[in-house]
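In this text, all values refer to a predicted model and were calculated from it rather than measured experimentally. Quick note: numbers below take in every heavy atom, side chains included, and nothing from hydrogens, waters or symmetry partners.
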Amino acid sequence: MKELYLVFIISIFCGKITAQSSHVLWYNQPAEFFEESLVLGNGKMGATVFGGVNSDKIYLNDITLWSGEPVNANMNPEAYKNLPAIREALQNENYKLAEELNKKIQGKNSEKYAPLGTIEISTPNKAKAINYRRELDISNAVSKVTYEIDGVKFTKEYFVSAPDQIMIIKLTSSQKGALNFDINLSSLLKSNVEVKDNVLSLNGRAPINEHAGYTVLSKYLEIKERGTRFTTLMKIKNKDGAITASDKTLGVKNATEAVIYVSIATSFNGFDKNPATEGVNDKAIASEKLKKAFAIPFDKLKTSHVADYQKFYNRVTLDLGKTTAPDLATDERLLRYADGKEDKNLEILYFNFGRYLLISSSRTLGVPANLQGLWNPHLSPPWSSNYTMNINLEENYWLAENTNLSEMHLPLLSFIKNLSVTGKVTAKTFYGVDKGWAAGHNSDIWAMTNPVGQFGKEEPMWACWPMAGAWLSTHIWEHYVFTQDKNYLKTEGYPLMKGAAEFCMGWLVEDKNGNLITAPSTSPENQYKLADGFVGATMYGGTADLAMIRECFDKTIKAAKILNVDAEFVKKMEADLANLHPYQIGKKGNLQEWYFDWEDNDPKHRHQSQLFGLFPGDHITPEKTPHLAEASKKTLEIKGDETTGWSKGWRINLWARLWDGNRAYKMYRELLRYVDPDGKKTEKPRRGGGTYPNLFDAHPPFQIDGNFGGAAAVAEMLVQSDENEIRLLPALPDAWESGSLKGICARGGFEIDMIWSNKKVKSLIVSSKKGGKATVILNGKEQTVSLKKGEKKEINW
């Protein structure tokens, strides 16, 4: 134990040396593109900082600002009546007809996540700035810009506080009276700007429909009962100099120091409340937050912000041994790394950045991080920046429990509860299932659950998929098994899991062999190719569907038995689980994606949903089901390693679950491949999946799920666990032969601190949150550990 503590003490002592490269993103120039900017957030309010000299642009977001209003879940009440015809076509192996008929089981598309506004801080300095530096320190969630003009050093400091629900921008100059600036505030949404009593305000409204263009939106704004309102307020506290104001701008002249306070709010009041007629008073809320924060000194605001943030961030520390990489700007580090150079601290930085992003974007109950987390500058963001639930939303939360950020999981878990409400209607009207709840490919802040597709206008390959409830229910189990919070499982979690399982039971039908399958079925966004040349997506008995149902049933059975409830329901689930159509291994040795051994239309398709049972599920393992694990490996080999950012994040986790650390590491390096900003024009553009200069994941364009999936994969390479076992260094690559890890979580309510050298664990401390027993697998040996609640124990062999 002394050795372990000594290493951690030394690591703290040496923190000043390593913090720069494993906790700080920095650059020698302002951001020109969104993918170069630095992002801040408190889980509700988001800020995107460009750090310009003469003009500093900051995008603002609020995670509750979306187009639309509460969804009418009963939008297609007789859609289910088309099911018999679809199933008959499938029984007759008429897949072309089934594909067309499947379009009749569609509803509306999701709403869009909206941009709130843009701050522009303009300065009169026209001389060239020197010694420029822009940084984001993710160890304290503070961004800073420094530069010199004509011998005067200017500093800008930015943070978004969760305790005080305020954004702070502090500007200083090294020379008295040299600070001059003006603030403009604008929005892509319909809005009004004014200055009153030295407060700059922006008030507007989001559109009521994601298809309502802003050329016709003005007529909706006149109807007070439609759309989400939003308010932004800004006020300056100056140390000296004078505050200036016009009818639409606010500024400072001849000052040395000034602090800008930014408060935002929306009228959103819940997924089932009209944001106009039942919405909260956004103006009053923004005003109250501004008033309270303005009375608090800057230093106190910063101290409370940092303390609040670090109570989450500091739970986990990772060291991967000595590095020879030079201390370069982050964009230069990525380019150097892309050339195959070693930079272990860049690998740590990416892991730390994923945790930073989750803390910063997921602290609002009922409103989880979306496709872009919290940060969206676009009126029409890619894929509406919505909740894509056939992988992307779930991938956002793979790192929540194991990297010790369980609280950040709660926005998703509470969102699932919202989905279960609308999902009960969806289960009946779209799928003819009277019990339980279902959800489809996409959702939004209004908890939309219907299959999308604009009522028959879109392709079934992505639109017609009802398994999101089954997938999401496994997140509830994960939260329980990591936290051991039995009260949560009883009062919140299990009823939701049961509802998802009930839908699955009602959705299953028998195939010609008497096995249970889904019909119709699709495999997310992929297509098969038949011998006659037909390319389609609609089929029966898709492997992905059945894998998710297996996982849903297995976890729901376990939950019911822990709570000692629903014995008869458990028997039915166990019977259905035993009767599910079994996994099939194809002629290429792969795990079949389709019921039959059909060809893939795209053999290297980005989705690998048929491998759900390997990860994020756990019913396929190299130890317990070696033949299925080997088929999963063959599937990944056929698909290859070249894919989009989020998919690469998933594949790294899959290789980790196959205990192939070097293959996982190879793909982790590829995930960190430098990608040029989307709007940047170069002679030889670097495109594809990878990482933008600001470490954002490139799908492309930007999607945050790759950041989260990649960070989760690092933890998965170092520690894997189930309800009974904790396996240490299961997929450790040769490149990480020595290192240390502190605070990582294992299922069963355990935390792991360990040091390894020459790929062998040298020191290990296991602690328990609730008390319990687990088998620890270390250096090829097993040892059972029993701990009391709060106990910490050194494990020796």
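The ring of W465 has its center no closer than 6.0 angstrom to the ring center of H441. With ring centers used as reference points, H607 lies under 6.0 Å from W646.
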Next on the checklist: Show, in sequence, the C-alpha distance, side-chain angles and deciding distance for S523 and S609, and conclude whether the side-chain hydrogen bond (donor to acceptor under 3.5 Å, both in side chains) test is met.
Outcome noted: CA-CA 7 Å; S523 193; S609 309; 4.7 Å; no
Next on the checklist: Working note: D282 + T266, criterion side-chain hydrogen bond (donor to acceptor under 3.5 Å, both in side chains); need CA distance, chi angles, decisive distance, verdict.
Outcome noted: CA-CA 5 Å; D282 51 301; T266 78; over 6 Å; no
Item to check | K273 vs F268, side-chain contact (heavy atoms from CB on, under 4.5 Å): CA-CA, chis, key distance, verdict | outcome: CA-CA 8 Å; K273 300 289 193 301; F268 177 76; over 6 Å; no
Checklist entry - Do Y431 and W507 pass the ring pair (Phe, Tyr, Trp, His ring centres under 6.0 Å) test, and can you show the C-alpha distance, the side-chain angles, and the key distance before you say yes or no? => result CA-CA 7 Å; Y431 305 114; W507 184 235; 5.1 Å; yes
Next on the checklist: Please evaluate residues S186 and T118 with respect to the criterion side-chain hydrogen bond (donor to acceptor under 3.5 Å, both in side chains), reporting the C-alpha separation (whole Å), side-chain torsions for both, the decisive distance (0.1 Å), and the verdict.
Outcome noted: CA-CA 5 Å; S186 62; T118 301; 4.7 Å; no
Item to check | Criterion side-chain contact (heavy atoms from CB on, under 4.5 Å) on T643 and K604, from CA distance to verdict | outcome: CA-CA 8 Å; T643 186; K604 297 184 181 297; over 6 Å; no
Checklist entry - Hey, mind stepping through M467 and C504 against side-chain contact (heavy atoms from CB on, under 4.5 Å) and telling me if it holds? => result CA-CA 8 Å; M467 301 311 301; C504 292; 4.0 Å; yes
Next on the checklist: E78 vs T429, test: side-chain contact (heavy atoms from CB on, under 4.5 Å). Steps then yes/no.
Outcome noted: CA-CA 6 Å; E78 297 188 342; T429 60; over 6 Å; no
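Between the side chains of S385 and N376, no donor N or O sits under 3.5 Å from an acceptor N or O. A donor-acceptor contact under 3.5 angstrom links the side chains of H479 and S406, judged on distance only. In summary, the side chains of T228 and S267 do not present any donor paired with an acceptor at a separation below 3.5 Å, with no hydrogens or angles considered. Side chain to side chain, K112 and S380 meet the donor-acceptor criterion of an N or O pair below 3.5 Å.
Across all their heavy atoms, S360 and L374 have their closest contact at O-CD2, 3.2 Å. Listed here is the closest heavy atom pair of S263 and K289: OG-CB, 3.5 Å. Taking each heavy atom of T388 and N386 in turn, the nearest pair found is OG1-OD1, 2.9 Å. Considering all non-hydrogen atoms of both residues, Y397 and M408 come closest at CE2-O, 3.1 Å. Listed here is the closest heavy atom pair of F503 and W437: CB-O, 3.3 Å. Across all their heavy atoms, L250 and M234 have their closest contact at CD2-O, 3.7 Å.
A donor-acceptor pair is defined here as one N or O able to donate and one able to accept, closer than 3.5 Å; no such pair exists between the side chain of S362 and the backbone of I359. S187 places a side-chain N or O within donor-acceptor distance of the main-chain N or O of L116, the cut-off being under 3.5 Å. A donor-acceptor pair under 3.5 Å is formed between the side chain of T474 and the backbone N or O of W471. Checking side-chain atoms of T522 against main-chain N and O of C464 turns up a donor-acceptor pair under 3.5 Å. Looking at H305, its side chain does come within 3.5 Å of a backbone N or O of A141 through a donor-acceptor pair. Between the side chain of N42 and the backbone N or O of V160 there is no donor-acceptor pair closer than 3.5 Å. Distance alone, capped at 3.5 Å, places no donor-acceptor pair between the Q527 side chain and the V535 backbone. Here the side chain of D444 pairs a donor or acceptor atom with the backbone of W446 at under 3.5 angstrom. Between the side chain of E36 and the backbone N or O of F33, at least one donor-acceptor pair lies under 3.5 Å. No donor-acceptor pair under 3.5 Å is formed between the side chain of H699 and the backbone N or O of P701.
Under 4.0 Å is where a charged nitrogen must lie from a carboxylate oxygen, and between E194 and K248 no such pair does. Using a 4.0 Å cut-off between charged side-chain N and carboxylate O, R226 and E69 make a salt bridge. By the 4.0 Å N-to-carboxylate-O rule, R651 lies too far from E642 to be salt-bridged with it.
Between E35 and D678, some side-chain heavy-atom pair lies under the 4.5 Å cut-off. Residues P275 and R229 have side chains not in contact (no heavy-atom distance under 4.5 Å, counting atoms from C-beta outward). Side-chain contact check for Y350 versus N707: some heavy-atom pair is nearer than 4.5 Å. In this structure the side chain of P115 never reaches within 4.5 angstrom of the side chain of P377, judged on heavy atoms. When side chains are defined from C-beta on, V452 does not count as touching Q106, because their heavy atoms never get closer than 4.5 Å. Looking only at side-chain heavy atoms (C-beta outward), L290 and V262 stay at 4.5 Å or farther from each other. In this structure the side chain of M461 never reaches within 4.5 angstrom of the side chain of N526, judged on heavy atoms. Taking 4.5 Å as the limit, every side-chain heavy atom of N82 sits out of range of all side-chain heavy atoms of F430.
Cation-pi contact between K57 and F50: present, with separation from the ring centre below 6.0 Å and deviation from the ring axis of at most 45°.
Of the listed residues (V193, V195, N184, L185), just one forms a side-chain contact (heavy atoms from CB on, under 4.5 Å) with T249, and that residue is N184. Of the residues I704, L358, I391, the one that meets the side-chain contact (heavy atoms from CB on, under 4.5 Å) test with N396 is I704.
Atom CZ of F159 and atom CG of L136 lie 13.5 Å apart (nearest 0.5 Å). Annotation: the span from E394 atom CD to L412 atom CG amounts to 7.5 Å, rounded to 0.5 Å. Here the OG atom belonging to S384 is positioned 10.0 Å from the CD atom belonging to Q372, to the nearest 0.5 angstrom. Atom OG of S67 sits about 14.0 Å away from atom CZ of R205, to the nearest 0.5 Å. Going from atom CH2 of W650 over to atom CG of N392 covers 9.5 Å, rounded to the nearest 0.5 Å. One finds the CG atom of N390 at 4.5 Å from the CD atom of E525 (value rounded to the nearest 0.5 Å).
Other residues, nucleotides and ligands contribute only 12 or fewer heavy atoms inside 6.0 Å of the CD atom of E32. A 6.0 Å sphere centred on NZ of K44 holds more than 12 heavy atoms belonging to other residues, nucleotides or ligands. Heavy atoms from other residues, nucleotides or ligands lying under 6.0 Å from NZ of K103 number more than 12.
Using a 30° and 60° split on the angle between ring planes, Y387 and W66 fall in the tilted class, from 30° to 60°. Ring geometry, F696 versus W375: the interplanar angle falls from 30° to 60°, so the pair is classed tilted. The aromatic rings of Y59 and F34 sit tilted relative to each other, their planes meeting at an angle between 30° and 60°.
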